[in-house]
Amino acid sequence: MHTAKTNAKKVAKRATPASKGSTRGDLAPERIAAILKALDEAYPNAVCALNHKSPWELLVATILSAQCTDVRVNMVTPELFRRFPTPAAMAKAGLPELEDLIRTTGFFRNKAKSIQGAAQTITDKFGGKVPETLDEIITVPGAARKTANVVLGVSFGKAEGLVVDTHVFRIAHRLSLAKGDTAQAVEQELMRVIPQDKWIDFSHQVIHHGRQVCIARKPKCHDCNLEPLCHSKDKTWQS
Ligand code: SF4
């Protein structure tokens, strides 16, 4: 981490000497490249933490992960998919049974309706298979852009957009990569500055960074290899 930090420091000095805090310096290609390099160095193997065996299972797990940890979702999905292994089976499930199975993930009534509705739509409209375009996935109940981007990126290797969850939203602001006040606005800003071939990795890496280092309440800036590139007001340590 020391070498990565030293490299980031050199780029930070070159990219933002006279314009520290300015939009131009923040979004300079050299600074963006340094941020991506630091993320690659810190999280070379970042992958989706939701256990799944198919695009359908990932879609359901992502719906269940709203306002809930991936660890908790991974506790409930094995039994859920054992009882209802296909979209057609889940479409016929009773809501009370689904609610019982996913209760511990929170907001279980809405989530049960969403996954049953998703199962119905995937069965009736898409022949039992999760579609492979963003425009189609967002027609599935419970699946907004974030869910669609997770499934497209992880299951199909397609980058039509960027996953913006609470971690990506927070860290995009802290790193001055985005200013928008909605996930969709932040996604559009990130799509303009992050090269498309990095969209999938970037989201996974930033989510890991948000869980491990750049945590919401008290970021561990002393342990962060992006620190020389970051001028967030929330910083708890300055090199
Ligand atoms: S320096 Fe601190 S606030 Fe900035 S990205 Fe790293 S952990 Fe987050």
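Order of appearance sets the numbers: ligands from 1, and atoms from 1 within every ligand.
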> Taking 4.0 angstrom as the limit, do E189 and R192 come out as a salt bridge?
Replying inline: no
> Can a salt bridge be assigned to the pair D165 and K146 using a cut-off of 4.0 Å between side-chain N and carboxylate O?
Replying inline: no
> Any luck finding a side-chain donor-acceptor pair between K125 and T139 under 3.5 Å?
Replying inline: yes
> Can you tell which part of C214 has a heavy atom less than 4.0 Å from ligand 1: side chain, backbone, both or neither?
Replying inline: both
>> Among all the protein's non-hydrogen atoms, which is closest to atom 2 (Fe) of ligand 1, and how far away is it?
In response: C221 SG, 2.3 Å
> Looking at R174, which atoms of ligand 1 are within less than 4.0 Å of one of its heavy atoms?
Replying inline: 3 (S)
> Looking at E227, which atoms of ligand 1 are within less than 4.0 Å of one of its heavy atoms?
Replying inline: 1 (S)
> With a cut-off of 2.8 Å, does C224 place any N/O/S atom under that distance from atom 6 (Fe) of ligand 1?
Replying inline: yes
> Do you know which of L162, V164, L177, D181 makes side-chain contact (heavy atoms from CB on, under 4.5 Å) with V186?
Replying inline: V164
> Atom CH2 of W237 and atom NZ of K218: how far apart are they, to the nearest 0.5 Å?
Replying inline: 14.5 Å
> When you measure from atom 4 (Fe) of ligand 1 to every protein heavy atom, which one gives the shortest distance, and what is it?
Replying inline: C230 SG, 2.4 Å
